[in-house]
A.B. asks: 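Got a structure here, written out as structure tokens. Questions coming.
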Amino acid sequence: MWPGRSHAFTFAWTREAVESRGWRYEVWSELPDAELANIQFLAGYRRDWLFEPDLTEEIYGEAVDEDPPPDRLFDPAIFEEVRDRVGDGETLGEAFDCLAGRPAPLVRAAVLHLLWKQQWLTDLSVPLSARSVLRTAS
């Protein structure tokens, strides 16, 4: 048998076995390219412990409201400000610009972490851009 026919046979046999038990059967494949790229990109901002104020204070020996060291990418104070400032329907670009007096890389990191944590939702089926609209998760 050529590979396509053997896969079709295997999927049909598996479907029959699973559905005979009353279970639902689905075959999944890889995500579309844009969605996979967006998720892989946002995964770089997934680590909660980088935003924990108590841990940050313990590691760096500083209060949260002080400026972060120049080599640090995350700032818990900025994280809180961004969460309070960005609203439903704003674009990713507007979110990145919401704290003009703060370091842009730290604001972007906070926005992208909140997007990873699903504080907001956006269409990940198209490449993320400054025009991506943020919706408050319900």
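Just so you know, these numbers use all the heavy atoms, side chains as well, and skip hydrogens, waters and symmetry mates. Quick caveat: nothing in here was measured; it's all calculated off a predicted structure.
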A.B. asks: So S132 and D123, side-chain contact (heavy atoms from CB on, under 4.5 Å) or not? Walk me through it.
C.D. replies: CA-CA 7 Å; S132 297; D123 183 2; over 6 Å; no

A.B. asks: Whether the side chain of T122 engages the backbone of V133 through a donor-acceptor N/O pair (distance < 3.5 Å, no angle test) should be reported.
C.D. replies: yes

A.B. asks: Determine whether S129 and L92 make a side-chain contact, defined as any pair of heavy atoms from C-beta on separated by less than 4.5 Å.
C.D. replies: no

A.B. asks: With rounding to the nearest 0.5 Å, note down the distance linking CG in L128 to CD in E35.
C.D. replies: 10.5 Å

A.B. asks: For the hydrophobic clusters of this structure (ILVMFWY residues joined by side-chain heavy atoms under 4.5 Å, transitively), does one cluster hold both Y25 and W23?
C.D. replies: yes

A.B. asks: What's the spacing between L42 CG and L112 CG if we round to 0.5 Å?
C.D. replies: 6.0 Å

A.B. asks: Could you see if V86 belongs to whatever hydrophobic cluster contains L121? Use Ile, Leu, Val, Met, Phe, Trp, Tyr and a side-chain cutoff under 4.5 Å.
C.D. replies: no

A.B. asks: Is the CG atom of D33 crowded by more than 12 outside heavy atoms at less than 6.0 Å?
C.D. replies: no

A.B. asks: On a heavy-atom basis, which atom in V107 and which in C98 lie closest, and how many Å separate them?
C.D. replies: CG1-SG, 4.5 Å

A.B. asks: Report the distance from atom CG of L99 to atom CZ of R85, rounding to the nearest 0.5 Å.
C.D. replies: 5.0 Å

A.B. asks: Does the distance from a Lys or Arg side-chain N to an Asp or Glu carboxylate O, for R24 and E26, drop under 4.0 Å?
C.D. replies: yes

A.B. asks: Check whether any side-chain N or O of N38 sits under 3.5 Å from a backbone N or O of S125 as a donor-acceptor pair, and report yes or no.
C.D. replies: no

A.B. asks: Would a 4.5 Å heavy-atom cut-off, applied to side chains only, mark Y45 and V111 as touching?
C.D. replies: no

A.B. asks: Begin from the C-alpha positions of I39 and L124 and carry the test side-chain contact (heavy atoms from CB on, under 4.5 Å) through to its verdict.
C.D. replies: CA-CA 8 Å; I39 291 170; L124 296 178; 4.3 Å; yes

A.B. asks: Within the 4.5 Å heavy-atom criterion, are V27 and T14 side-chain neighbours or not?
C.D. replies: no

A.B. asks: To the nearest 0.5 Å, what is the distance between CD on Q119 and CZ on R135?
C.D. replies: 15.0 Å

A.B. asks: Are V126 and W120 connected in a single hydrophobic cluster, I mean Ile/Leu/Val/Met/Phe/Trp/Tyr linked by side-chain heavy atoms less than 4.5 Å apart?
C.D. replies: no

A.B. asks: When rounded to the nearest 0.5 angstrom, what is the spacing between CD in E80 and CG in L114?
C.D. replies: 8.5 Å

A.B. asks: side-chain contact (heavy atoms from CB on, under 4.5 Å) between T91 and F96: does it pass, once the steps are laid out?
C.D. replies: CA-CA 9 Å; T91 65; F96 289 159; over 6 Å; no

A.B. asks: Could you state the interatomic distance from OG1 (T136) to CD (E90), rounded to the nearest 0.5 Å?
C.D. replies: 9.0 Å

